[in-house]
Each structure stands twice: as structure tokens, then as C-alpha cells.
Protein chains: 2
Amino acid sequence: MTAEPFLADCRARLAFDLLSHTWNAVVLWALRDGPRRPVELRERIGGISSKVLTETLRRLEFNGLVDRHARPASPPRVDYGLTPLGRTLLAPIDAFGAWAFEHGDEVLAAQDATRPPASEEPRPHPGP
Amino acid sequence: MTAEPFLADCRARLAFDLLSHTWNAVVLWALRDGPRRPVELRERIGGISSKVLTETLRRLEFNGLVDRHARPASPPRVDYGLTPLGRTLLAPIDAFGAWAFEHGDEVLAAQDATRPPASEEPRPHPGP
DNA sequence: CAGTATCCCCTAAGATACTG
DNA sequence: CAGTATCTTAGGGGATACTG
């Protein structure tokens, strides 16, 4: 595809709203090769609090991208996995991942070139 | 590509931070077939205020994705265009656009299915 | 027309602590 | 371990009005 419709179409905005939450794409990506438990996700991702992870998962769940499977037990045992719909998002996300690796440095260079604004570094990242 | 590196790599977060601003991708997309003046962009996009558009353009400029060309005159005449770097982002963005058209309805359906949370409809969109 | 200046609001996201 | 409860803050984004 390469039409030019979606500025008019709200579904496009909808898609971008999905990405406009800092952690959504990251969490989806972290689920790319199979269901994971919250602890695992937090390890994998790094720098995300339990609370924010839960919120993110709920959000993804609400949008039909993620499934929650709880197996009653104590200590609790839960895992989250991608729905078929969620899986369809991996390719586009991957495209961005690839882009980041190819062009990330150029972005950083551009930022350095324009030091002053100082404000624009992406939100404070937790870990290195 | 389809590796699994970028959770560890900050450049990935960097890429997603680019998208985590509501209007960034939309504006980039609106520039996809050539430089445009702010007025034109606002028409094309719809629902974006002058202020927010400027902010967005500044942000994209700062990240090396957009170029500003001002031709002294009055009334002022300015246009913004994609840099080569910015152009490299079109493909990934396009992937999302395509996704939105293919799967947008499924997301909406999922949302309706889980009415209650009510909070998750993407941020209030201006026009339909 | 391009852009800035205000003012306001809302909420995402962080930190911390607690429960079943 | 999964998840919730609080509290706080920063800043994105909207509305409006104004200037060169």
C-alpha cells in the first residue's frame, strides 16, 4: 500500500494512538516469541514498573492485541500472549525496529547538532 | 529484519518516542509527497491547531526529519519538507497505515466488546 | 500567513508501599 | 508473584488571542 487516505480516516489516528503510548509497542515486541509472565516481561524490558506494565497490558488487552491467561494458584501464575490480531502488528513494529537500527545514529546526530532546545531528548530513559 | 535486540537498545526506544507524540507520524505522512506550507498541512490534517503544528514541526526538525525553508516575504511564505532521513521513515509509517486499514475495525470491535473501561478510546479526536 | 504568548486541563508515567 | 492503592509531577495538547 502507499495510498494517501488515512489522514482523513480516523482508523489511522487510531493506529497511531496505539503507538502514542510509550510502552505499548515495546511490550508487544517483548511478547513476539510467545507468551510471557509479567516478571519475565519486566526483566526483558527493563525500566518499567509493575504498575505501568499492568496498565499497558490492560490497554493492549482492551484493544484486542493481547490475551491474559490466569491459572489459579498461589503464588499466582499468569501469562500474557499476543492475539492473532496482535500478531499482525509485529511486522509493522519490526519495520520500526529495523529503522531504529539503521538510522538511530542519524537522529542522535541531528539532535546533537541542535543542542539548545535541550528539551527534546526523548523522555528520560531509565537504563542505558 | 526480525531480530530481537532492541529492547536492550535505546535507539529503539528512541524510535518509538518519535511515534509517541500524537502528531509526529501524521505530519510526516502529510509531507510524503513533497514540501507543504503550514496552512496546507493544517488543511490536509484537520483538527490540529497552529500552535501544535508548529511544535510538531520543530520537534521533527530537531530530530532531523524535516527541513524548514523560509522565503522572506510578507505575508511570510514558508514550507516544510522531508529530509532524506525523514523520507526513510515513510515506509515504516506506511506499514502502519496499511495495518490500520486492514485491522482497524477489529480493534474497534475489541474495544466495543469491553465497553466498561471507557477510558481507552484514543484521545478525543476532533473531527470524524 | 507564520508564529508566539497565555492559560488550563488532563493523564501518562514514575515512586513507593501494600495485599492476597 | 500479580496486582492495586496513593500521591506527585511533567508536559502534551487544546483553546484563544495577539503580533510582524
Side-chain angles (χ1 to χ4, degrees), chain A residues 13 16-27 31 35-63 66-81 117-127, chain B residues 13 16-27 31 35-63 66-81 117-127:
Chain A
R13 254 102 152 187
F16 287 119
D17 282 329
L18 285 180
L19 298 184
S20 71
H21 290 268
T22 313
W23 297 104
N24 280 13
V26 175
V27 170
L31 290 172
R36 288 282 180 278
R37 307 170 54 198
V39 220
E40 299 171 316
L41 287 175
R42 295 186 58 194
E43 287 168 6
R44 280 200 138 192
I45 294 174
I48 187 172
S49 73
S50 158
K51 177 202 153 203
V52 171
L53 176 60
T54 307
E55 286 172 351
T56 304
L57 287 167
R58 293 269 177 289
R59 194 157 47 212
L60 295 172
E61 204 185 347
F62 176 66
N63 286 291
V66 155
D67 253 349
R68 194 188 112 110
H69 305 286
R71 291 199 290 302
S74 79
R77 171 96 189 187
V78 181
D79 44 30
Y80 293 87
S119 50
E120 200 40 36
E121 313 250 353
R123 314 214 182 73
H125 286 154
Chain B
R13 254 103 151 188
F16 287 120
D17 282 330
L18 285 179
L19 298 183
S20 72
H21 290 267
T22 315
W23 296 104
N24 280 13
V26 175
V27 170
L31 289 172
R36 289 281 181 277
R37 307 170 55 198
V39 220
E40 298 171 318
L41 287 174
R42 298 186 56 194
E43 287 168 4
R44 278 200 140 193
I45 294 173
I48 188 173
S49 74
S50 158
K51 176 199 156 204
V52 171
L53 175 60
T54 307
E55 287 172 351
T56 304
L57 288 168
R58 293 270 177 287
R59 193 156 49 212
L60 295 173
E61 203 185 348
F62 177 66
N63 285 292
V66 155
D67 254 349
R68 194 189 113 110
H69 305 286
R71 291 199 290 299
S74 79
R77 171 94 189 190
V78 181
D79 45 27
Y80 293 87
S119 49
E120 201 38 38
E121 312 250 354
R123 317 214 179 74
H125 285 155

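What you see is a predicted model; the values in this text were computed from it and never measured. Reminder, nothing fancy here: chain letters follow the sequence lines and each chain counts from 1. Basis for what follows: all heavy atoms, side chains included, without hydrogens, waters or symmetry-related copies.
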Check your understanding: Atom NZ of A:K51 to atom P of C:dA17: distance rounded to whole Å?
Key -> 15 Å

Check your understanding: Rounded to the nearest Å, what distance is computed from the CZ atom of residue A:R42 to the C1' atom of nucleotide C:dA13?
Key -> 14 Å

Study note, to complete from the structure: Assert: residue with more 5' nearest nucleotide on DNA chain D, out of B:V52 and A:R77, is A:R77

Review point. For B:R37 and C:dA2, is the shortest distance between a side-chain N/O and OP1 or OP2 below 4.0 Å?
Key: yes

Check your understanding: With sequence neighbours left out, what residues match A:E55 under salt bridge (Lys or Arg N to Asp or Glu O under 4.0 Å)?
Key -> A:K51

Point to revise | Any A:R58 side-chain nitrogen or oxygen under 4.0 Å from OP1 or OP2 of C:dA12 | key: no

Point to revise | Interatomic distance where CD belongs to B:E55 and P belongs to C:dA2 [whole Å] | key: 17 Å

Point to revise | Residues that B:R58 engages under side-chain hydrogen bond (donor to acceptor under 3.5 Å, both in side chains), provided they are two or more places apart | key: B:Y80

Review point. Is the shortest side-chain N/O distance from A:T22 to OP1 or OP2 of C:dA13 below 4.0 Å?
Key: yes

Check your understanding: Do the side chain of A:N63 and the main chain of A:R59 share a donor and acceptor less than 3.5 angstrom apart?
Key -> yes

**Study point:** Counterpart residues, salt bridge (Lys or Arg N to Asp or Glu O under 4.0 Å), relative to A:D79 (two or more places apart)
**Key:** A:R71

**Study point:** Residues which pass side-chain hydrogen bond (donor to acceptor under 3.5 Å, both in side chains) with A:R36, listed by chain and number, not counting sequence neighbours
**Key:** A:D33

Exercise for review: May I ask you to evaluate whether A:R59 reaches the phosphate of C:dT11, defined as a side-chain N or O under 4.0 Å from OP1 or OP2?
Suggested key: no

Revision key, fill the gap. 5'-most contact on DNA chain C (nearest-nucleotide basis), A:S49 vs A:P75, goes to A:S49

Review point. Considering only side-chain heavy atoms of A:P76, which listed nucleotide, D:dA2, C:dA13, C:dC1, is closest?
Key: D:dA2

Review point. Expressed in angstrom and rounded to an integer, what is the separation of B:L53 atom CG from D:dT16 atom P?
Key: 18 Å

**Study point:** Integer-rounded Å distance: D:dA2 C1' and A:H69 NE2
**Key:** 16 Å

Point to revise | Student check: side-chain heavy atoms of B:P38 and B:T54 closer than 4.5 Å | key: no

Practice item. Taking the side chain as every heavy atom from C-beta outward, state whether A:V26 and A:I48 have any atom pair closer than 4.5 Å. Key: no

Point to revise | Canonical and wobble pairing (Watson-Crick, G-U, under 3.5 Å) of DNA chain C, dot-bracket with | | key: ||||||||||||||||||||

